[in-house]
Every structure is written in C-alpha cells, then in structure tokens.
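Only heavy atoms go into these numbers, but all of them, side chains included; no hydrogens, no water, no symmetry mates. Residue numbering restarts at 1 for every chain, and letters A, B, ... go by the order of the sequence lines. This is a predicted model, so every value here is computed, not measured.
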Amino acid sequence: MTSVAILQIWIVAFFTLALFSFLYKDNPVYKLAEHIFAGLTAGYQVGLVWDTVVIQKLWDPMIYDGKWWLFVPGILGFLMFARFWPKYSWVSRVSLAFVMGTTSGVFITTQLHGLVLPAMKSTMLPLGGGGGLAQAVLAIIVVVGVVSTLIYFYFSKEHTGALGVTAKVGIWFIMISFGAHFGYTVMGRVSLLIGRVYFLFYDWFGTFSEIF
Amino acid sequence: MKTGVPVAVSFVAGLIMVVSFFFNEETTKVGGLSQELLNWLIIVGGFTLLLGVVSITRVNWSGVRQKKEGWIYKVFTLISIFAMALPSLLPESWSPLFGRSAGSIYDWLFVYLQAPMMATMFATLAFYIASAAYRAFRARSAEATLLLITATLVMLWRVPMGEAFLNLFPGDIPAWLNTYIMNGANLAVQRGIIIGAALGASSMSLRIILGIERTYMGKG
C-alpha cells in the first residue's frame, strides 16, 4: 500500500471517528468535521450545477448551437440574486414566479395523469380476476386500506359515526405501513453503520501493520 | 408592478405547460414549447441552488467578520466551500486537477471526504433511530402494537438470521409478510397518501397559476 493511500485512509478514518464522537457528546472535533462537511456539500453543489446546468444547458447551447433565446432563463436566473439587495429584492419574484408557474403547470397534469389515475386504476381490480381467493382477499385489503387512509386524512368533517370508524381502520393501516417503513429505515441506517465499521476495522486497522 | 408581473408570468408559464400537455411535443410547436420551458426551469432552478450557496457563504463570512461564537468553525466551512467549488469551475484543459473528472481536486474531495462523511452522518442516525424506536415501540396502545409488530417482522425478514428464525414457525411467514403486509396494507396506505397528496398538489398548483396563492412571493 502506498503512503498516499495510507494517508487517504487515515483522513477518512479521522473524519469518520470525528463524526461518531457526537454519540458521546457535542465536542469541538465533531463541530469541525460537521462544518467541513457542510462546506464540502455546498461546494459540491456549485461544481455540479456549474457543469451540468450553466455550461451544458445554458452556455454551450447558447454560444455553440445558436440557441440565443436561452439568455432569457439566464437573466431570470441572475435576477434571483436580487434578493441580496432589499430595495430590488422584488425583482427576484419574477424568476420565482416562473419556477412556480411552470412547476404548477407540470404538476396539474402529471399529478392527475401520472399518479392519481394509475393509482386508482391499480386499486379497483376485479375480484374474480383469475388469481384465486388469496388474490381476491389482497384486492379487498388494498381497497379498504386506500379508502380508509384517504378518509383518515379528510379533515373537513368531524371523525364521528361511520366516518370515525373508517378513520380508525385507516389509522391501523397507516400504523402497519409506518411500521414497515420504520423497519426499512432502521435496516438502511444499520447497513450504512456496518459499512463504516467495516471500513474502520478492515481498511483503517489494515494500515496499522504497514505503519507499525 | 411588484406583484402583477410575477402573477402574470406565473399564469402564462403555467397555462403553456397545461395546454401543451394536450399536444404532441415532437410534431407541434405548442408541445415543443413545453419542452423548452422545462429546459428553462432546469436552468433557473440551477441558479436557485447557486443562490443558496452564495447565501451560506455570506452568512458564514458575516459570522467570521463579526467574530460571532464559533466563528473559527465558520472559517473551515468557507475554506471547504471554496476548496471544493473553485477547482471545479476552472477548465480541465488548464490542469487535470481542475474540473470534475476522476483525479481532479473536486473528485478527490468527494470520494475521500464528502461521501464517507455523508455515510457516517446517516450511520450515526442508526443510534438515534434505535432510541426513537424504544420510545415509539412501547406497546401502550393497539396502534403502537401494530407499529411494533410490523417493524419487528420487517426487520427480521430483511436479515438472513431473522428470516431463518421466522421459518422456524409454522406457515410461510416471509411469504405472508411480502403478500399481505408489503403488497397489501403498506401498498394501500402508500396509494392513499399518493392520491391525497397528488390531489392536494394539483389544487395548490391551480391556485398558484390563477394567482390566488401568492405566499411564495413573501412579504411586500
């Protein structure tokens, strides 16, 4: 193993342990690592946006492909920075309004056409579809679950009577789903923890024999 | 002027996107216009990210200049931002250390600092999620018990040892979990939430396009 590779591993190990040190309590080493991480993440975004958006989507098409009209979103983008001058900050609203308007226009159609209708279509299935009893039971569970979940989140009327009973069934379904998601999230985080511990035990400890 | 122009821009942009949905994007000009506007959206959206980074830099710089509490850490934040961003802005033709390719400063900082630190941050959450689980999973009500049982079964189901343990019991518990919990109750709730959220997003979008919803403009 080269000395550069060993140094790289030690740098990673230092920051890994620095961040884990927060498990004991907040301390200056953790704060240092945390601030460096925040700075690197912000810097990463700059590099990414500069290359994939400013250069590839704006500058190159405008200069080399003759798409001169792209100066409009370019100006809209620059207008965003007007927020830093209180007197002219209202100008940035134009750019923001463009983002909100376009996104809203996309949302109206895609949310209904791409999410609501397919979800409803997949929910309302024929019971005798050839899948047998198990498939029919599953189809009923899905319909009851979807309807009761929607009713639980319907707050325009007080949850009493039949509505209250349906909302209660909705809570049970939601708890089962949240439990499943919680389980998955725990597994994901533990998997990351295993990865970091593996790095410390195998990669970092592995350099000890090279150094000492 | 200060609100009229933004509302008009929002209305026109939104209307174009809605109308263009009903036209072929390759054979009609209206359809093509929506693709162009989506491209513009990516460009303006990119600038909003840069705006955020400039804002972080300003806030930290102000903290350092006024020697506020913990200013020394802010110095490291600023150094990190510039160390990562500046080399990536310079053309690769000047030096292999510039740009974003493998072997650049940007790539090195990402591979050896940013990515491992991000993984460690999320790994740290494993401990806090365990502590949260202790509080959430105390079976004090029927709902909490359902949460406890489902989460435990899913966690056991997802590790080989747990799956082997579940197989000790009569009946095919892993298959039952997959069919009735994940593809039954869980799927139903996800669909319910998706339908509700999508309907909410659509109605909010309509309010924005019509200029009824203006809170995104802030005060003034």
Report which part of [X] has an atom under 4.5 Å of a heavy atom belonging to chain B: side chain, backbone, both, or neither.
| X | result |
| --- | --- |
| A:A33 | both |
| A:K67 | neither |
| A:L48 | both |
| A:Y30 | side chain |
| A:S92 | neither |
| A:V49 | side chain |
| A:S177 | both |
| A:P61 | neither |

Specify which of [options] makes the most heavy-atom pairs with chain B at under 4.5 Å.
| options | value |
| --- | --- |
| A:E34, A:K31, A:R83 | A:K31 |
| A:Y154, A:F78, A:F178 | A:F78 |
| A:V143, A:L79, A:L76, A:T123 | A:T123 |
| A:V53, A:V146, A:L40, A:L117 | A:L40 |
| A:T185, A:V197, A:L192 | A:L192 |
| A:F182, A:F199, A:F153, A:F107 | A:F182 |

Can you tell me how far [atom2] of [Y] sits from [atom1] of [X], rounded to the nearest 0.5 angstrom?
| X | Y | atom1 | atom2 | answer |
| --- | --- | --- | --- | --- |
| A:T52 | A:K57 | OG1 | NZ | 8.5 Å |
| B:L210 | B:L15 | CG | CG | 9.5 Å |
| A:D203 | A:L200 | CG | CG | 8.5 Å |
| A:Y24 | A:D26 | OH | CG | 12.0 Å |
| A:M100 | A:S95 | CE | OG | 13.0 Å |

Side chain from CB out, backbone as N, CA, C, O: work out which of these in [X] comes under 4.5 Å of a heavy atom of chain A, or both, or neither.
| X | result |
| --- | --- |
| B:L153 | neither |
| B:L37 | both |
| B:R214 | neither |
| B:F21 | side chain |
| B:M204 | neither |
| B:F110 | side chain |
| B:E36 | side chain |
| B:I43 | both |
| B:S203 | neither |
| B:V5 | side chain |
| B:F11 | neither |
| B:Y216 | both |

Hey, does [Y] have a side-chain heavy atom less than 4.5 Å from the side chain of [X]?
| X | Y | value |
| --- | --- | --- |
| A:M175 | B:V189 | no |
| A:T41 | B:Q114 | yes |
| B:S104 | B:L97 | no |
| A:R196 | B:P116 | yes |
| A:I141 | A:V137 | yes |
| B:T57 | B:F82 | yes |
| A:V169 | A:Y152 | no |

Got a donor-acceptor contact below 3.5 angstrom from the B:S202 side chain to the B:A198 backbone?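 Between the backbone of B:A198 and the side chain of B:S202 there is a qualifying donor-acceptor contact (under 3.5 Å).
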For a side chain to side chain contact (heavy atoms under 4.5 Å, CB included) check, start with the C-alpha distance between A:T102 and B:W40, then their side-chain angles and the critical distance, and finish with the verdict. CA-CA 9 Å; A:T102 314; B:W40 289 22; over 6 Å; no
Describe, in one word, how the ring planes of B:W108 and B:Y112 are oriented to each other, choosing from parallel (under 30°), tilted (30 to 60°) and perpendicular (over 60°).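 Tilted: the ring planes of B:W108 and B:Y112 meet at 30° to 60°.
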Which of [options] touches chain A most, by non-hydrogen pairs under 4.5 Å:
| options | result |
| --- | --- |
| B:L187, B:V154, B:L89, B:T120 | B:T120 |
| B:F47, B:F22, B:F127 | B:F47 |
| B:N60, B:L38, B:N39 | B:N39 |
| B:V9, B:L51, B:V18 | B:L51 |
| B:T124, B:L50, B:I193 | B:L50 |
| B:L78, B:N183, B:T150 | B:T150 |

Stepwise side-chain hydrogen bond (donor to acceptor under 3.5 Å, both in side chains) test for B:S88 and A:W50: CA-CA 8 Å; B:S88 70; A:W50 181 260; over 6 Å; no
If only side-chain N and O atoms count, and only distance matters, is there a donor-acceptor pair under 3.5 Å linking A:W10 with A:T207?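 Short answer, yes.
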Is the gap between the ring centers of B:Y106 and A:Y44 under 6.0 Å?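 Distance test on ring centres: under 6.0 Å, yes.
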